[in-house]
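Everything on this sheet refers to the single structure shown next.
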Amino acid sequence: MTKSRTASRSLAGACLCAFGVVFSPLAMAAPEGTLVVAVNQEPQDLAAQGAYKEINATGLRNVMETLIAVDPQTGGLIPVLATAWERVDGNTLRFTIREGVTFHDGTPMTAEAVATSINWVWSPDNAFTIQEYAGPGTISAAALDESTVEVTSDQADPLLEFRMSLGGISSAEQLANSPEKHFDTPVGTGPYRFNEWARGQYWDATYNEDWWGLSAEDAYGTTAPDFAALKFVFRSEDAARAAMVQSGEAQIAMFPSASECERAVDEDGYACVTGPSTTYLYGRLDHSLHADMLLQDPRIREAVFLSLDIDGIAGLYGMASVPQGQLGARGTIGFNENVGPYDYDPERAMELLAEAEADGQDISGLNIEVVGRDTTPRIKPIVEAIGAMLGSVGIGTDIRVQTPQEFNPRVRIAGYANEPGRQMMQVHVKQNPSGDYGLLLLSNYACPNIDDPTGPSRSSVYCDEEFDSSLFEAMASFGDDRDQSMQELVQYVHDRHLIVPLALLDRGYLVEDGIEFVFGTDHRIQAVYVDKVE
């Protein structure tokens with residue numbers, strides 16, 4: 001990452017780094033110094049199940065490894081703790097486990113230990129947030145012999161390989177004897193060992209000189225670990241993260257504002273690197289399930305959407321583009337070219353509200369809470385803008401920005417027990433790393449069970465038996481049939497004005513000169529993809 005790399009310094013360019021480097025442990029220099037990363041929020045936990053949460057558990061994959069992973073250079077699946085895998089049938093995968101790997105507590109990574117960890121992470125009884133990615137069936141694992149693990153879904157699951165790239169493999173010894181420590185003291189197999197979580201400040205890790213990747217020819221990454229330690233410092237304010245890189249306190253700062261990236265062009269010592277992501281900013285409007293009856297009226301929901309200037313909102317976020325009316329980009333299985341962005345038509349919005357009022361709806365009782373989480377970049381001006389847009393067509397609003405501790409329980413279906421009949425638009429970010437609409441349709445639109453709010457649809461407030469039936473049939477299909485079925489479902493939910501995609505986000509980083517940082521669309525921060533260069 002140097003000043004001569006103009007592509008790395010532009011708002012549109014991604015890191016143009018050397019890909020596919022094979023490093024030799026014989027030539028490797030001893031790691032030195034600490035890689036400090038300024039991140040936008042403190043993790044909710046550091047459990048193995050959270051290895052999929054690059055936003056909520058930044059850097060965890062340096063400690064906690066998965067069976068397989070998405071290669072940030074190619075987007076394909078690559079081996080990590082599994083050296084090979086095969087699809088047995090529509091429900092089953094068989095993994096060959098890497099030999100000679102040891103957990104950070106000194107216990108061996110056996111096939112039995114791997115199966116124990118998978119069952120812990122994916123157990124519906126544990127109800128971890130990874131269940132949002134669980135798919136149509138219940139996932140379980142069993143050791144077939146000392147080096148083979150079979151992973152099974154009790155329903156056909158074309159995305160089972162992807163799901164196995166999400167959850168970390170954790171020490172079976174810890175799960176058996178100290179399960180409570182699993183959430184704040186991760187014991188994995190990665191190139192760094194967890195050291196300390198100083199609540200409210202940082203978490204850190206130290207170099208694992210026994211990491212299996214130092215001698216394996218198929219180790220992932222572009223470099224062996226260059227740093228003796230990693231430190232992830234929590235700074236929710238954009239300016240505070242930027243200041244850490246500008247002052248030399250950090251080498252990388254996550255998600256700077258567009259103005260900070262523009263400023264970096266003329267600054268010495270650091271650059272801004274950006275790249276596409278699978279992350280969307282969206283507004284989810286409470287509707288038929290357990291929400292206020294007014295929001296069951298399709299005219300009112302459409303009026304809400306027509307009042308939003310999506311172009312303006314995307315511009316306010318910065319480093320973002322207007323999505324095509326769906327939570328996915330071209331190339332996603334199920335992407336529907338016939339679906340476009342929602343129109344901005346405040347005059348038509350007022351006409352629809354008047355029609356609903358003429359039919360007896362109490363529009364004066366419409367008062368939508370526009371709520372965002374304070375760790376989402378630029379969230380305050382965005383929710384304020386949405387409130388002003390709704391107000392301009394006669395819809396009352398309350399504007400609220402909350403901490404994750406306040407926000408997270410409210411926006412899952414369990415929160416409705418405490419707030420029946422509420423009117424709310426949640427403004428939040430969502431990823432679709434699978435490249436398939438099945439995952440997002442299930443987690444956002446399938447009917448949840450408010451009495452058992454632990455399944456993959458815990459973030460949905462929609463119930464439609466026809467949709468659910470078609471969705472579960474589509475999720476068991478493969479190939480062209482799957483793509484066509486998902487396209488039809490994308491059109492179905494678009495036309496009902498349930499979730500409004502507001503911006504397709506690029507992700508950016510401020511990066512100190514002398515460092516090259518490789519990342520994919522899922523934006524993992526892993527030290528073996530961070531190179532020191534001359």
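Position 1 is the first residue of the sequence, and the numbers go up from there.
Proximity of a side-chain donor or acceptor of Ser470 to a complementary backbone N or O of Phe467 within less than 3.5 Å is not detected. No donor-acceptor pair closer than 3.5 Å links the side chain of Ser236 to the backbone N or O of Thr375. Side-chain atoms of Gln131 come within 3.5 Å of backbone atoms of Trp122 as a donor-acceptor pair (strictly under, hydrogens ignored). A donor-acceptor pair is defined here as one N or O able to donate and one able to accept, closer than 3.5 Å; such a pair exists between the side chain of Asp468 and the backbone of Cys447. With hydrogens and angles disregarded, no donor-acceptor distance shorter than 3.5 Å links the side chain of Asp398 to the backbone of Glu369. Looking only at distances, no side-chain donor or acceptor of Glu42 sits under 3.5 Å from a matching main-chain atom of Gln201. In this structure a side-chain-to-backbone donor-acceptor pair under 3.5 Å is present from Tyr342 to His494. At least one donor-acceptor pair under 3.5 Å links the side chain of Asp45 to the backbone N or O of Ala47. Of the possible donor and acceptor atoms, one in the side chain of Arg284 sits under 3.5 Å from a partner among the backbone N and O of Ser459. With hydrogens and angles ignored, the 3.5 Å screen pairs no side-chain donor or acceptor of Arg458 with any backbone N or O of Asn449.
The shortest non-hydrogen separation linking Asp483 to Gly334 is OD1-N, 2.7 Å. Scanning both residues, Gly325 and Val339, for their nearest heavy atoms gives O-CG1, 3.6 Å. Nearest heavy atom pair, residue Ala329 against residue Leu504, reads CB-CD2, 4.4 Å. Taking each heavy atom of Arg373 and Asn408 in turn, the nearest pair found is NH1-OD1, 2.8 Å. Between Val393 and Leu353 the shortest heavy-atom distance is O-CD1, 3.5 Å. The two residues Val70 and Ser165 have their closest heavy-atom pair at CG2-OG, 4.2 Å.
Ser443 places a side-chain heavy atom less than 4.5 Å from the side chain of Lys430. Side-chain contact between Val429 and Gln431 is absent, with no heavy atoms from C-beta onward closer than 4.5 Å. A 4.5 Å side-chain heavy-atom check between Leu60 and Lys53 finds every atom pair outside the cut-off. For the pair Arg412/Glu132, a side-chain contact is recorded, criterion being any heavy-atom separation below 4.5 Å from C-beta on. The shortest side-chain heavy-atom distance between Leu498 and Tyr445 falls under the 4.5 Å cut-off. With contacts defined as side-chain heavy-atom distances shorter than 4.5 Å, the pair Val245/Arg241 does not qualify. With a 4.5 Å cut-off on side-chain heavy atoms, Leu327 and Thr332 do not count as touching. Put simply, the side chain of Gln73 reaches to within 4.5 Å of the side chain of Val518, judged on heavy atoms.
Salt bridge status for Arg348 with Glu355: present, with a side-chain N to carboxylate O gap under 4.0 Å. By the 4.0 Å N-to-carboxylate-O rule, Arg410 lies too far from Glu406 to be salt-bridged with it. One finds no salt bridge joining Glu249 and Arg235 here, because no Lys/Arg side-chain nitrogen approaches an Asp/Glu carboxylate oxygen to under 4.0 Å.
Taking CE of Met64 as the start and OG1 of Thr66 as the end, the distance is 11.0 Å to the nearest 0.5 Å. Interatomic distance, OH of Tyr317 versus CZ of Arg378, reported as 5.0 Å (0.5 Å rounding). Taking OH of Tyr529 as the reference point, atom CG of Asp71 lies at 5.0 Å (rounded to 0.5 Å). Going from atom CE of Met319 over to atom OG of Ser257 covers 7.0 Å, rounded to the nearest 0.5 Å. Annotation: the span from Ile386 atom CD1 to Thr397 atom OG1 amounts to 10.5 Å, rounded to 0.5 Å. Going from atom CG of Asn40 over to atom OG1 of Thr376 covers 8.0 Å, rounded to the nearest 0.5 Å.
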task: List the steps and the verdict of side chain to side chain contact (heavy atoms under 4.5 Å, CB included) for Met244 and Val36.
output: CA-CA 9 Å; Met244 289 187 67; Val36 179; 4.2 Å; yes
- prompt: Going through the checks in order, is the side chain to side chain donor-acceptor pair (under 3.5 Å) test met by Asn444 and Tyr282?
  reply: CA-CA 11 Å; Asn444 285 285; Tyr282 68 92; 4.8 Å; no
message: I'd like to know whether Asn338 forms a side chain to side chain contact (heavy atoms under 4.5 Å, CB included) with Gln491, so could you lay out the CA-CA distance, the side-chain angles of the two residues, the decisive distance to 0.1 Å, and finally the verdict.
response: CA-CA 8 Å; Asn338 297 319; Gln491 182 77 62; 4.3 Å; yes
message: Could you go through Met424 and Val411, starting from their C-alpha distance and side-chain angles, then the distance that decides it, and tell me whether this counts as side chain to side chain contact (heavy atoms under 4.5 Å, CB included)?
response: CA-CA 9 Å; Met424 188 170 80; Val411 298; 4.0 Å; yes
task: I would like to know whether Asp204 and Tyr202 meet side chain to side chain donor-acceptor pair (under 3.5 Å); could you show each step before the answer?
output: CA-CA 7 Å; Asp204 63 1; Tyr202 64 86; 4.8 Å; no
- request: Verify side chain to side chain contact (heavy atoms under 4.5 Å, CB included) between His497 and Val304, making sure each step is shown before the conclusion.
  value: CA-CA 9 Å; His497 301 91; Val304 169; over 6 Å; no
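For Glu337, the CD atom is densely surrounded, since the number of other residues' heavy atoms within 6.0 Å is greater than 12. Counting heavy-atom neighbours within 6.0 Å of Glu488 CD, excluding the residue itself, gives a total above 12.
With Met389 as the partner, the side chain to side chain contact (heavy atoms under 4.5 Å, CB included) test is satisfied by one option alone out of Ile313, Ile395, Ile310: Ile313.
A donor and an acceptor atom, one from each side chain of Asp480 and Gln484, are nowhere located under 3.5 Å apart. Looking only at atom types and distance, the side chain of Thr129 has a donor-acceptor partner in the side chain of Tyr52 under 3.5 Å away.
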Identify every side-chain donor-acceptor pair in residues 435-442 under 3.5 Å, counting partners at least two apart or on other chains, and give the distances.
unit_1: Asp436; atom_1: OD1; unit_2: Gly438; atom_2: N; d: 2.6
unit_1: Asp436; atom_1: OD1; unit_2: Arg482; atom_2: NH2; d: 3.1
unit_1: Asp436; atom_1: OD2; unit_2: Arg482; atom_2: NE; d: 2.8
unit_1: Tyr437; atom_1: OH; unit_2: Gln326; atom_2: OE1; d: 3.2
unit_1: Tyr437; atom_1: OH; unit_2: Gly328; atom_2: N; d: 3.1

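Taking the centre of each ring, Phe519 and Tyr509 come in below the 6.0 Å mark.
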